[in-house]
Q: 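Let me give you the structure first, and then I'll get to my questions.
What you see below is based on every heavy atom in this structure, not just the backbone, and it leaves out hydrogens, waters and symmetry mates.
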Amino acid sequence: MTNYASVFQNADAVEKYETVTYAPDSYGSAINERQRAYLRDLIKRSFPVRRPVQHDFACGTGRAIRLLHGVVRGAHGYDTSAEMLTKAAEVGTAARLHRIAEDGPVPAPAHEDGPALITSFRLLLNVDESVRHRLLGFAERALPNRDAGLLVVENHGNRHSLRHLAARRRSGKRWFAELSHAEVVALLAQHGFEVVERRGFSMFPQSAYVKRWSRPAARLVDRIAARIPLLSAVAVNVLYVARRHT
């Protein structure tokens, strides 16, 4: 596990995250486009009466908030890194941005009337259990009951995907970690959430997008697979949509 908070206090790391990880035509940007289409449709289906307010935990540079501009009533971003929040504002993230503490009491979500959408991307995989429980404690406070809204979390290293083939070779490396579907479901259940929908956004690992000869085929397969919910079982990148049990 790496320490998210310490890594992204560095301005160079923040800039790389925004301009390299999500550079045009990159693996990250391709997944981002598919997630955008899915999430915007999810909101329209799930909140037909009143649009939700988004609360993005570990918002980073505001990528997940920008995905939903125009389909939510408003947005709040929460992060421990001042550098991340500064970059989020610089790139035009339309949200109220809140710096939160790395530890101590679970942060309180900003008060808003009506339904809420809690999102967290690229966090679960690379942090320790205490941070995962911190995220879900935040979600519990924002979503006190089943009718309060939805939680969406990302696992960008599904243990049951092609990415797992590199697990032995990359064991111990800084950014390589895995979570199974069962582990994510169990973690959510500890905080009173049940998964109501799951969708995958890449069948191939990043290496398939690096090679020029394999990239077009990988993009095509991934684009089709993102429309087939059953294929999330073996996708590399997976979103889980959850509600409170009661």
Q: So Phe121 and Asp56, do their side chains get closer than 4.5 Å, heavy atoms only?
A: yes
Q: Do Leu162 and Leu125 share a hydrophobic cluster (ILVMFWY, side-chain heavy atoms under 4.5 Å, transitive)?
A: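 Result: no, two separate clusters.
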Q: Would you say the side-chain atoms of Arg66 pair up with the backbone N or O of Val91, donor to acceptor, closer than 3.5 Å?
A: no
Q: Just by modelled atom types, is the Pro205 backbone N or O under 3.5 Å from a matching donor or acceptor in the Arg163 side chain?
A: no
Q: Which atom names give the shortest non-hydrogen contact between Gly77 and Ala95, and what distance separates them?
A: N-CB, 4.4 Å
Q: Flag yes if Leu239 and Leu42 sit in one hydrophobic cluster, no otherwise; membership is Ile, Leu, Val, Met, Phe, Trp, Tyr, and two members link when side-chain heavy atoms are under 4.5 Å apart.
A: yes
Q: To the nearest 0.5 Å, what is the distance between SG (Cys59) and CD1 (Ile100)?
A: 8.5 Å
Q: Which heavy atom of Pro229 sits nearest a heavy atom of Arg227, and at what distance?
A: CD-O, 3.4 Å
Q: Less than 4.5 Å apart, any side-chain heavy atom of Val184 and any of Leu188?
A: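 They are in side-chain contact.
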Q: Is it true that Arg243 and Asp147 have a side-chain N and a carboxylate O under 4.0 angstrom from each other?
A: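 A salt bridge is absent here (no side-chain N lies under 4.0 Å from a carboxylate O).
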Q: Are Phe57 and Phe138 an aromatic pair by the rule of ring centers under 6.0 Å?
A: yes
Q: Any non-hydrogen side-chain atom of Ile43 less than 4.5 Å from a side-chain atom of Pro52?
A: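 Side chain of Ile43 against side chain of Pro52, heavy atoms only: contact under 4.5 Å found.
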Q: Counting only N and O atoms by type, is there a donor-acceptor contact under 3.5 Å from the side chain of Arg132 to the main-chain atoms of Leu124?
A: yes
Q: The test is side-chain contact (heavy atoms from CB on, under 4.5 Å); show your working for His181 and Arg159 and say whether it passes.
A: CA-CA 8 Å; His181 297 310; Arg159 194 184 305 278; over 6 Å; no
Q: Would Arg36 and Glu33 pass as an ion pair if we require N to O under 4.0 Å?
A: no
Q: Is the backbone N or O of Ser202 less than 3.5 Å from a side-chain atom of Tyr27, with the two atoms forming a donor-acceptor pair by type?
A: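 Not at all, since once roles are kept as given, no pair shorter than 3.5 Å links the two residues.
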Q: Looking only at side chains, do Asp128 and Ser130 share a donor and an acceptor under 3.5 Å apart?
A: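 Short answer, yes.
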Q: Identify whether Val221 and Phe201 are in the same connected component of the hydrophobic contact network (ILVMFWY, side-chain heavy atoms under 4.5 Å).
A: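 Val221 does not cluster with Phe201.
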Q: Within the 4.5 Å heavy-atom criterion, are His133 and Glu129 side-chain neighbours or not?
A: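 His133 vs Glu129: side chains touch.
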Q: Answer yes or no: is there a donor N or O on one side and an acceptor on the other, between the side chain of Asn158 and the main chain of Asn237, under 3.5 Å?
A: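 No, the answer is negative, given that no donor and acceptor are paired below the 3.5 Å cut-off.
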Q: Is there a side-chain contact between Tyr240 and Val152 (heavy atoms, below 4.5 Å)?
A: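 Answer no - side chains too far apart.
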Q: Please check: side-chain N/O of Asp79 versus main-chain N/O of Leu85, any donor-acceptor pairing under 3.5 Å?
A: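 No; zero donor-acceptor contacts below 3.5 Å.
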Q: Arg134 side chain to Gly104 main-chain N or O, any donor-acceptor pair under 3.5 Å?
A: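 Judged by distance alone, yes, a pair lies under 3.5 Å.
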Q: State whether a side-chain donor-acceptor pair under 3.5 Å links Ser232 with Arg199.
A: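 Ser232 vs Arg199: no donor-acceptor pair found between side chains.
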Q: Can you tell me if Gln54 and Thr119 form a side-chain donor-acceptor pair at under 3.5 Å?
A: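 There is such a pair between these side chains.
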Q: Run the numbers on Ser180 and His160 for side-chain contact (heavy atoms from CB on, under 4.5 Å), then give the verdict.
A: CA-CA 7 Å; Ser180 69; His160 303 296; 3.7 Å; yes
Q: Between Glu197 and Tyr38, do the side chains contain a donor N or O and an acceptor N or O under 3.5 Å apart?
A: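 The criterion, which ignores hydrogens and geometry beyond distance, is satisfied for Glu197 and Tyr38.
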Q: Distance check, rounded to the nearest 0.5 Å: Arg215 atom CZ versus Phe204 atom CZ?
A: 14.0 Å
Q: Identify whether the distance between the nearest side-chain nitrogen and carboxylate oxygen of Arg244 and Glu194 falls below 4.0 Å.
A: no
Q: Rounded to the nearest 0.5 Å, how far does CG of Asn155 lie from CZ of Arg122?
A: 11.0 Å
Q: In chain order, what residues pass the ring-ring contact (aromatic ring centres under 6.0 Å, His included) check against His76, with sequence neighbours excluded?
A: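 ring-ring contact (aromatic ring centres under 6.0 Å, His included) list for His76, sorted by chain: His55, His98.
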Q: So do His156 and Val236 actually touch side chain to side chain, heavy atoms under 4.5 Å?
A: no
Q: Go through the steps to decide whether Leu179 and Leu187 satisfy the test side-chain contact (heavy atoms from CB on, under 4.5 Å), and finish with yes or no.
A: CA-CA 11 Å; Leu179 282 172; Leu187 178 66; over 6 Å; no
Q: I need the minimum non-hydrogen distance between Thr80 and Arg99, along with the two atoms involved.
A: O-NE, 3.1 Å
Q: Say whether Ile118 and Val153 are linked into one hydrophobic cluster, either directly or through other cluster members, by side-chain heavy-atom distances under 4.5 angstrom.
A: yes
Q: Under a 3.5 Å distance rule, please check whether Ser29 uses its side chain to pair with a backbone N or O of Ser26 as donor and acceptor.
A: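 Between the backbone of Ser26 and the side chain of Ser29 there is a qualifying donor-acceptor contact (under 3.5 Å).
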Q: Assess whether atom CZ of Arg45 is packed by more than 12 heavy atoms of other residues, nucleotides or ligands within 6.0 Å.
A: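 Correct, the count exceeds 12.
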Q: Identify the heavy atoms of Arg50 and Pro115 that sit nearest to each other, and give their distance.
A: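 Looking at all heavy atoms of both residues, the closest pair is O-CG, 3.6 Å.
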Q: Hydrogens and angles aside, do Tyr209 and Asp25 bring a side-chain donor and acceptor to less than 3.5 Å of each other?
A: no
Q: Mind listing the closest non-hydrogen atom pair of Leu123 and Val127 along with its distance?
A: O-CG2, 3.1 Å
Q: Would a distance-only check, ignoring hydrogens and angles, find a side-chain to backbone donor-acceptor pair under 3.5 Å from Arg223 to Ala30?
A: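 Absent.
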Q: Taking CG in Leu220 as the centre, count heavy atoms belonging to other residues, nucleotides or ligands within less than 6.0 Å. Is the count above 12?
A: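 Yes, the 6.0 Å shell around CG holds more than 12 heavy atoms from other groups.
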Q: Would a single hydrophobic cluster contain both Val106 and Phe193, if residues Ile, Leu, Val, Met, Phe, Trp and Tyr are joined by side-chain heavy-atom contacts under 4.5 Å?
A: yes
Q: Kindly indicate whether the side chain of Leu143, heavy atoms from C-beta on, has any atom under 4.5 Å from the side chain of Leu151.
A: yes
Q: Do Thr61 and Thr93 have side-chain heavy atoms sitting under 4.5 Å apart?
A: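 Side chain of Thr61 against side chain of Thr93, heavy atoms only: no contact under 4.5 Å found.
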Q: Would a distance-only check, ignoring hydrogens and angles, find a side-chain to backbone donor-acceptor pair under 3.5 Å from Arg51 to Arg73?
A: no
Q: Just wondering, are more than 12 heavy atoms of other shown residues or ligands nearer than 6.0 Å to CZ in Arg146?
A: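 Check passes, neighbour count above 12.
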Q: Identify the two heavy atoms, one from Ala208 and one from Ser214, that lie closest to each other, and give their separation to 0.1 Å.
A: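 Distance-wise, the nearest heavy atoms are O-OG, 2.7 Å.
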